[in-house]
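Only heavy atoms go into these numbers, but all of them, side chains included; no hydrogens, no water, no symmetry mates. The structure presented is a predicted model; accordingly, all values stated were derived computationally and were not measured.
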Amino acid sequence: MPKPYNHKEIEKKWRKYWEENPVNVNDGKKPKYYCLDMFPYPSGSGLHVGHWRGYVISDVWSRYKLLNGYYIIHPMGWDAFGLPAENYAIQKGIHPRIATEQNVAAFKKQINDIAAIYDWDMEVNTTDPGFYKWTQWIFVKMFKEGLAYEKEMPINWCPSCKTGLANEEVVNGGCERCGSPVTKKNLKQWMLRITKYADRLLEDLNKLDWPEKVKKMQTDWIGKSYGAEIDFAVEGSDKSIRVYTTRPDTLYGATFMVLAPEHELVLEITTPDRKEAVEEYIYKASMKSSVDRLADKEKTGVFTGSYAINPLTKKPIPIWISDYVLADYGTGAIMCVPAHDDRDFEFAKKFGIPIVQVISRDGKEEKLTEAYTQPGIMINSGEWNGMDSEKAKKEIPDMLEKQGIGKKTVNYKLRDWVFSRQRYWGEPIPIVHCEHCGAVPVPEEELPLLLPEVEKYQPTGTGESPLANIHEWVNTTCPQCGRPAKRETNTMPQWAGSSWYFLRYVDNKNDKELVNKEKAKKYLPVDMYIGGVEHAVLHLLYARFYTKFLKDIGVIDFDEPFIRLFNQGMIYKDGAKMSKSKGNVVSPDELINDYGCDSLRLYELFVGPPELDSEWDDRGIDGVYRFINRFYNLVLDNKDKDAEATEELLKLRNRFVYDITTRLENFSLNTVVSGFMEYNNKLIDMAKRTGGIDRKTLETAIILLAPFAPHVSEELWSQMGHTTSVFSNTWPTYEEAYLKDDEIEIAVQVNGKTKGTIMIGTEEAKEEVLEKARKAMAGKITGTIVKEIYVPGKIVNIVVKQ
RNA sequence: GCAGUCGUGGCGGAAUUGGCAUACGCGCUAGACUAAGGAUCUAGUCCGGGUUAAACUGGGUACGGGUUCAAGUCCCGUCGACUGCACCA
């Protein structure tokens, strides 16, 4: 009769034991391993089984490393600034600080149910003044280094959240948070010069053990391109217009130019008769939201009345304006080669502008029905005719440079980071505006600049933060000259704290430094970072930027924060991402009550490959629960039998260790769980057939299981008679010798179709094996054997011809 | 539109370098134990032919081609799903 496995009692017992006897202790001698979860925003709706997944994965990995002799840095904290707490405050009139405190307490309780080895002494909270002091300090340092600057410009504006947004926060023309269409608003903004780091952010991706997908997303986001800047003289004027192009080889085919509506020279070069039309176009373009711009597939534009001179053909070409040219990329003006660019082709067709082919497939001109964008042989290009266009791409800019009208250059899609938010619940930007001294940073020793109490959290919607209404806070004196001055009232974006929090965990109580240098050297950087892929170009790019900056000013001595990154897939239910708004969340609470934490941990892994999205099915947890029961009873039934470690058991045990270890190393955690089930079935089977399972094999299995199902493993380890934790062991090893069998079964195929199997010795000679195979296939071979293939230890294939 | 990932039973999913497709689990079917079972145990479960049951046998990894002794895996094309980017000159 199987003994009942009482998960409630067992889990309660070992939770208490770990509290009194921590298993992860820093003895100062062990090497460190820093395994980090992306810290959560503590929302009011609590954790669901989708959140659990990443935390389980990181804890399993941490405990595995623990058994491999490391001291594990596995902290948790709270990314607690941000809009939801503020919106909640607006609705309910509860201060965001109070709501955040409540949410953190609730989250912490739920996270503790996972039974991860979090070190709560390291806990950080981005809204804690002791923490944001350093978030502000970094800003001041950036300001002093010229990396933070103010600029008035049209920025992305979310009319619903009533705040400006960074480029990275605009997804498909909508607000990343609420989905509202993003519009443009002209505001004076704090910007961070992340573009200064564009090259390093791009180059250093090579150093990282990250998913290729994320690296590619960052590469595309940075968007480095090589090209040339070329000056076009405006006919009948002393002005010239500079364009950026990646195709200088097509310069002979440039038959018109287009400027962005916002280009500074537009009105200057517009002829009087075109003035009205141009102004109207500029006005309309300024009213378009990014969504409208995306929706309008048809090209629009208007002619300025002026002409520029193509520097190679010396012919005049018309200058147009159109909103398909972006003001903030390159020079805001382009030369247009309709024959070799899809967009220019479309524009030229619509407005009847000549199309001149200058690159050809085979040296001959053809009738183009669409732009030819491939490289080829130059035609209609004067002295360059016949040259390979890739060669001309390099040589034409050199020639222009000699004439002083062009040069090779590099461009990036990456823009500087719009860093101001017109909201309350964020870090105040520590700047004082003085009429005489300009923008002056709050002195470092006066940080943190505390977020003041406010009566109304409502965003004003005018582009000013709610802080602007607190006169006693806004009005201050200039730290430099002492005269009356006003504080900056914008706050920082939520990404500010998360850009560096991982540094703070290892020295979270230090009020003298952001992080002590010795500690940083000893415990950083992060070895393994686990979280969702949704931060690929937001948080992960910002954190890399901050890390590089902090290295440059000598705070830390490494320039990449996260050596290895793992993105877990999302959990779906009923075909949709699990979320409270969709009403498809599965709470872990009930499952823990019915099946226990260990079962839920195993099921989180078993549900599918960790890097892929998986569909949640509540019934599936029965399988892992049954497995734990069976294993529990296997150990209890066999522990006192003193069974002998037979050859068969030795082989099984070694293969078990090998399989679990390699699968774990490959992060194939779902197959680790199926592996446990498979070996458990084999052991149960063997226990029935023979006298029982030897002690060493049982103990090995318990240790292997410990990172996955820690409570039941501790219980069984103590049932085996031990008085110390199962985590005081080291990860089991295997002996190669036992992985090999003397005799194995291999498949025999005839013409590639499997027809049967034969038993062979692993050392058996080819001819003997073939002889056996022929014998086995005797009745099945019709015709003559033309070829026989033997892949040692794998397969025999007999090729027969009729 | 461009780029990337992927397509395997009723379902979630396995399958080291190309080498016995469907491991493991869910669900389902039958049986055992039981006063009872939403517990537990045993057996079966890709589709078809065949057999009392087996043996045996044909087909099969979205679809169509190709390379190979051998293809879920590699190559080309088509369809579908998901993700990212979206006029970046």
So what does Lys213(A) touch, heavy atoms closer than 4.0 Å: a base, only the sugar-phosphate, or nothing?
-> sugar-phosphate
Between CG of Asp341(A) and C1' of C2(B) the distance, given in whole Å, is 14 Å
Rounded to whole Å, CD1 of Ile660(A) lies from C1' of C24(B) at a distance of 11 Å
By the Watson-Crick or G-U definition, both distances under 3.5 Å, A71(B) is matched with none
So, OP1 or OP2 of A89(B): does either fall under 4.0 Å of a side-chain N or O from Ser225(A)? yes
| request: Ignoring hydrogens and angles, tell me if any N or O in the side chain of Asp685(A) forms a donor-acceptor pair with the backbone of Asn681(A) under 3.5 Å. | output: no
*Exceeds 12 heavy-atom contacts within 6.0 angstrom, atom NZ of Lys224(A)*: yes
Quiz item: With under 30° as parallel and over 60° as perpendicular, where do the rings of His7(A) and Tyr625(A) fit, or are they tilted in between?
Solution: perpendicular
C63(B) -> Watson-Crick or G-U wobble partner, both distances under 3.5 Å, gives G77(B)
Could you tell me whether Thr757(A) contacts a base, only the sugar-phosphate backbone, or nothing, with contacts defined as non-hydrogen atoms closer than 4.0 Å?
base
Sorted by position of nearest nucleotide on RNA chain B, 5' first, the leading residue of Ser668(A) and Gln749(A) is Ser668(A)
To the nearest angstrom, the CD1-P distance between Ile571(A) and G12(B) comes to 14 Å
Taking a pair to mean Watson-Crick or G-U wobble geometry with both distances below 3.5 Å, G18(B) pairs with none
When rounded to whole Å, the CG to P distance for the pair Asn670(A) and A23(B) reads 15 Å
### Sugar-phosphate only, base, or nothing, as touched by Val791(A) at under 4.0 Å among non-hydrogen atoms
base
Open item on the list: Less than 4.0 angstrom between a side-chain N/O of Lys688(A) and OP1 or OP2 of C41(B), yes or no?
Closed with: no
For A23(B) versus A39(B), give the span between their P atoms, rounded off to a whole number of Å. 23 Å
- Message: Classify Glu745(A) by what it touches in the nucleic acid, base, sugar-phosphate, or nothing, heavy-atom distance under 4.0 Å.
- Response: base
Assign each of Ile334(A) and Gly620(A) the nucleotide of RNA chain B bearing its closest heavy atom; nearer the 5' end lies the nucleotide of Gly620(A)
Quiz prompt | A81(B) to U22(B) separation - C1' atoms, rounded to the nearest Å | solution = 22 Å
* A21(B) phosphate, OP1 or OP2: any side-chain N/O from Thr754(A) under 4.0 angstrom? -> yes
If pairing means Watson-Crick or G-U wobble with both distances under 3.5 Å, then the partner of G44(B) is C28(B)
query: Checking all strands, does Asn751(A) fall into the base, sugar-phosphate, or nothing category for heavy-atom contacts under 4.0 angstrom?
result: nothing
Establish, with yes or no, whether the OP1 or OP2 oxygen of G27(B) is under 4.0 angstrom from a side-chain nitrogen or oxygen of Arg626(A). yes
Glu534(A) atom CD is separated from C82(B) atom C1', nearest whole Å, by 16 Å
Judged by whether its glycosidic angle lies within 90° of 0, G7(B) is anti
Exercise for review: Measure up the Tyr603(A) and Phe606(A) rings against each other and bin them: parallel (under 30°), tilted (30 to 60°), perpendicular (over 60°).
Suggested key: tilted
Of C20(B), A23(B), G25(B), the nucleotide closest to the side chain of Glu678(A) is A23(B)
Which part of the nucleic acid, if any, lies within reach of Arg663(A) when heavy atoms closer than 4.0 Å are counted: base, sugar-phosphate only, or nothing? nothing
Legend entry - Tyr734(A) and Tyr658(A) aromatic ring geometry - parallel, tilted or perpendicular at 30°/60° bounds: perpendicular
* Asked: Regarding Lys350(A) and the six-membered ring of Phe347(A), is the cationic atom NZ or CZ under 6.0 Å from the ring centre and inside 45° of its axis?
  -> no
query: Distance only, no hydrogens: is a donor on one side chain within 3.5 Å (strictly under) of an acceptor on the other, for Arg247(A) and Ser389(A)?
result: no
message = I want to check one thing: is the phosphate of A89(B), taken as OP1 and OP2, less than 4.0 Å away from some side-chain N or O of Tyr329(A)?
response = yes
If only side-chain N and O atoms of Lys216(A) are considered, is one of them under 4.0 Å from the OP1 or OP2 phosphate oxygen of G4(B)?
no
Describe, in one word, how the ring planes of Tyr372(A) and His340(A) are oriented to each other, choosing from parallel (under 30°), tilted (30 to 60°) and perpendicular (over 60°).
-> perpendicular
When rounded to whole Å, the CG to C1' distance for the pair Asp617(A) and G25(B) reads 11 Å
Taken to the nearest whole Å, CD/Glu615(A) to C1'/G27(B) is 15 Å
Taking a pair to mean Watson-Crick or G-U wobble geometry with both distances below 3.5 Å, G9(B) pairs with none
When both distances are under 3.5 Å in a Watson-Crick or G-U wobble arrangement, the nucleotide paired with U34(B) is none
Next item on the list: Look at Asn797(A) and C20(B) and indicate whether a side-chain polar atom (N or O) is within less than 4.0 Å of OP1 or OP2.
Entry: no
Applying the 3.5 Å cut-off to both distances, the Watson-Crick or G-U partner of G4(B) turns out to be C82(B)
Ile795(A) CD1 to A71(B) P, in whole Å, measures 11 Å
Base, sugar-phosphate or nothing for Lys224(A)? Non-hydrogen atoms, less than 4.0 Å. nothing
Within the structure, does a side-chain N or O atom of Arg619(A) lie under 4.0 Å from either OP1 or OP2 of G25(B)?
no
